[in-house]
Amino acid sequence: MLQRPRGTRDFLPDEMEARAEIEGRMREAARRFGYRPVRTPAFEELELFTLRSGPGIVNEMYAFEDKGGRALTLRPELTAPVLRLYVNEARVLPKPLRWYYVDDCFRYERPQKGRYRQFWQFGAELIGVDSAGADAEVILLADAALRAAGVQYELKVGHLALLRSLLVDLDETARRTVMGLLDKREMNALRDALTDLGRADLLGSLVALVGATTLDEAFAVTGPLPEEARLRELVALLEAAGLEYSLNFGIVRGLDYYTGMVFEGFAANLGAENQIVGGGAYRLAHLFGGEDTPSCGFAIGFDRVMVALGEVAVPHRTVVAILSTPEGAASAFRAAAALRAAGLRAELDLSGKGLGAQMTKAAKTADFAVLIGAREAEAGVVAFKNLSTGLQETLCLEDAVARAAGREVDAPGSR
RNA sequence: GCCAGGGUAGGGUAGCUGGUCAUCCUAGGGGACUGUGGAUCCCCCGACCCGGGUUCGAGUCUCGGCCCUGGCCCCA
């Protein structure tokens with residue numbers, strides 16, 4: 001038997017409805033912040049991602065050559081495509097641009113809990129403003145989206161300037177090593193690495209900075225920096241908004257295009273892959289041929305949100321089953337059309353079985369049954385049955401629709 | 001790429017010191033029931049991941065592969 005590719009998933013209706021419910025709440029959060037949806041191609045030129053992240057990532061991508069010899073890849077993330085879109089199509093739109101997206105990405109990695117080869121990201125990019133307010137808005141939107149989804153998580157906000165100020169004297173390679181170890185909180189390995197570099201003197205400052213929980217503590221380690229005023233403003237805005245978060249200046253966020261503010265969020269019970277959101281202020285547009293444009297954004301791991309939520313209660317919508325004998329079939333289709341036109345979910349019984357069997361089925365799945373046999377078809381009425389109370393009435397079609405929609409009926413008949 | 005544990009009807013499972021009809025639950029289909037309920041009863045359908053090896057005989061032991069789950073690495 002054919003199997004689905006490794007690291008991919010099928011979604012049955014129950015799960016799709018849960019995902020659509022959560023996605024809808026997150027989209028609504030974005031809408032309320034004034035963010036509007038964008039969509040980019042599922043595949044892009046390979047160079048788009050190597051420009052951003054270096055050639056090493058090709059191994060982690062679904063890269064391929066098309067029939068025209070072009071080097072392409074399935075997108076491994078969405079920030080670069082969205083910024084490419086901005087440079088290509090939207091440079092002259094009035095700033096700031098507030099965009100969000102929900103789409104699938106592809107990475108050739110070993111699957112594990114919360115990590116798949118096809119996965120979905122919900123993200124937003126705020127393009128063309130560079131301010132504490134911009135930083136704050138993006139953090140607040142990420143938080144609003146996660147809270148709308150119902151996720152319990154821990155939010156950490158930091159700024160790269162402080163760590164970088166301590167590491168200015170180190171060369172590129174050494175800085176990456178140190179930042180990598182800090183990111184993993186491997187303090188013993190960090191001490192060894194600093195000793196090898198002849199910079200054991202940095203250890204105390206680094207440990208103090210990473211452990212700092214207030215701006216005062218952090219700037220006591222680094223001394224005055226040009227970024228201090230903006231960072232204090234950001235903190236004031238976040239406090240004013242009532243955001244629950246902690247400061248953390250050990251956040252490294254991988255690569256170099258992040259320019260200042262960075263943030264991460266972690267959910268409980270997600271196993272080894274517990275990061276649920278990551279983002280920050282960055283500059284990418286110039287890499288793709290645009291003007292140097294400040295941006296700020298984040299990406300939420302949508303699948304991890306779903307794992308963290310577990311069971312999702314999807315709001316119940318009324319289901320009307322339509323039962324009929326052969327003589328009532330035409331009327332049944334007419335009744336279904338009327339119910340659907342009223343926005344109700346109407347399911348015709350197509351089994352051709354007896355009414356007993358049809359009712360058995362309806363009782364399992366529906367809230368109401370509309371039954372049309374020879375008698376009802378002849379009289380131009382329907383038998384309308386409330387399957388939770390067992391009450392049955394003979395009604396005209398309009399009244400049956402009103403009943404199913406939860407409205408009162410003026411002169412209800414009865415059996 | 002590495003490590004550990006797994007893979008038996010659609011879903012969940014028992015069997016695993018090699019040898020009887022491979023167990024049970026559930027779901028699905030049919031019937032008791034050709035104008036009305038989720039119950040009950042009866043019947044049916046349906047599985048040992050793939051391939052090699054050992055053996056008279058492999059679901060069971062062994063090797064390889066694939067896949068799943070979790071962890072390492074990586075994480076844009």
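Just so we're on the same page: letters track the sequence lines, and every chain starts at 1.
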Next item on the list: Show your reasoning for whether salt bridge (charged side-chain N to carboxylate O under 4.0 Å, His left out) applies to A/Glu45 and A/Arg70.
Entry: CA-CA 8 Å; A/Glu45 291 195 25; A/Arg70 289 173 274 262; over 6 Å; no
Return the nucleotide paired to [N]: Watson-Crick means purine N1 to pyrimidine N3 with N6-O4 or O6-N4, wobble means G-U with N1-O2 and O6-N3, both under 3.5 Å.
N: B/C74; value: none
N: B/U40; value: B/A32
N: B/C21; value: none
N: B/C66; value: B/G7

When we call it a touch if two heavy atoms are under 4.0 Å apart, what does [X] touch: a base, just sugar-phosphate, or nothing?
X: A/Glu327; answer: nothing
X: A/Lys113; answer: sugar-phosphate
X: A/Leu323; answer: nothing
X: A/Gly356; answer: sugar-phosphate
X: A/Gln358; answer: nothing
X: A/Gln275; answer: nothing
X: A/Gly7; answer: sugar-phosphate
X: A/Asp349; answer: nothing
X: A/Ala362; answer: nothing

Using the ring of [Y] (Phe, Tyr or Trp, six-membered ring only), decide whether [X] places NZ or CZ under 6.0 Å from its centre and within 45 degrees of its axis.
X: A/Arg75; Y: A/Phe49; result: no
X: A/Arg19; Y: A/Phe11; result: yes
X: A/Arg117; Y: A/Tyr108; result: yes

Notebook entry, point to check: Has the side chain of A/Arg340 got a donor or acceptor atom that lies under 3.5 Å from a matching backbone atom of A/Ala346?
Noted result: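 Checking the backbone N and O of A/Ala346 against the side chain of A/Arg340, a donor-acceptor pair under 3.5 Å is found.
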Next item on the list: Please determine if a side-chain N or O atom of A/Gln112 lies less than 4.0 Å away from the OP1 or OP2 oxygen of B/G70.
Entry: no
Check: Taking OP1 and OP2 of B/G38, is either one under 4.0 Å from a side-chain nitrogen or oxygen of A/Lys361?
Finding: no
Length of the [atom1]-[atom2] vector between [X] and [N], whole Å:
X: A/Met359; N: B/C33; atom1: CE; atom2: P; result: 19 Å
X: A/Asp303; N: B/C75; atom1: CG; atom2: C1'; result: 15 Å
X: A/Lys353; N: B/G28; atom1: NZ; atom2: C1'; result: 10 Å
X: A/Glu273; N: B/G71; atom1: CD; atom2: P; result: 7 Å
X: A/Phe266; N: B/C75; atom1: CZ; atom2: P; result: 14 Å
X: A/Leu350; N: B/G29; atom1: CG; atom2: C1'; result: 17 Å
X: A/Leu391; N: B/U36; atom1: CG; atom2: P; result: 18 Å
X: A/Leu355; N: B/G35; atom1: CG; atom2: C1'; result: 5 Å

[atom1] gap between [N] and [M], integer Å:
N: B/G64; M: B/C3; atom1: P; value: 11 Å
N: B/U54; M: B/C63; atom1: P; value: 15 Å
N: B/G10; M: B/U20; atom1: C1'; value: 29 Å
N: B/C25; M: B/A14; atom1: C1'; value: 11 Å
N: B/G15; M: B/G1; atom1: C1'; value: 37 Å
N: B/U60; M: B/G7; atom1: P; value: 11 Å
N: B/G31; M: B/C68; atom1: C1'; value: 39 Å
N: B/G51; M: B/A9; atom1: P; value: 16 Å

Ignoring hydrogens and angles, answer whether the base of [N] and the side-chain atoms of [X] contain a donor-acceptor pair closer than 3.5 Å.
X: A/Arg110; N: B/G70; answer: yes
X: A/Gln392; N: B/U36; answer: yes
X: A/Arg6; N: B/U69; answer: no
X: A/Arg115; N: B/C74; answer: yes

Note to self: In the structure I gave you, are the side-chain heavy atoms of A/Glu125 and A/Cys296 within less than 4.5 Å of one another anywhere?
What the structure shows: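 A side-chain contact is absent here, since even the closest heavy-atom pair is not under 4.5 Å.
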From C-beta outward on [X], which listed nucleotide comes closest to its side chain: [options]?
X: A/Arg107; options: B/C75, B/G37, B/G35; result: B/C75
X: A/Met61; options: B/G70, B/A76, B/G35; result: B/A76
X: A/Lys385; options: B/G29, B/A76, B/U36; result: B/U36

Check: Any side-chain donor-acceptor pair under 3.5 Å between A/Glu137 and A/Tyr35?
Finding: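 Distance-only check passes for A/Glu137 and A/Tyr35.
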Item checked: A/Arg27 and A/Tyr100: side chain donor to acceptor below 3.5 Å ->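 Result is yes, a qualifying pair exists.
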Next item on the list: Assign each of A/Arg4 and A/Pro76 to its nearest nucleotide of RNA chain B by heavy atoms, then name whichever residue's nucleotide is nearer the 5' end.
Entry: A/Arg4
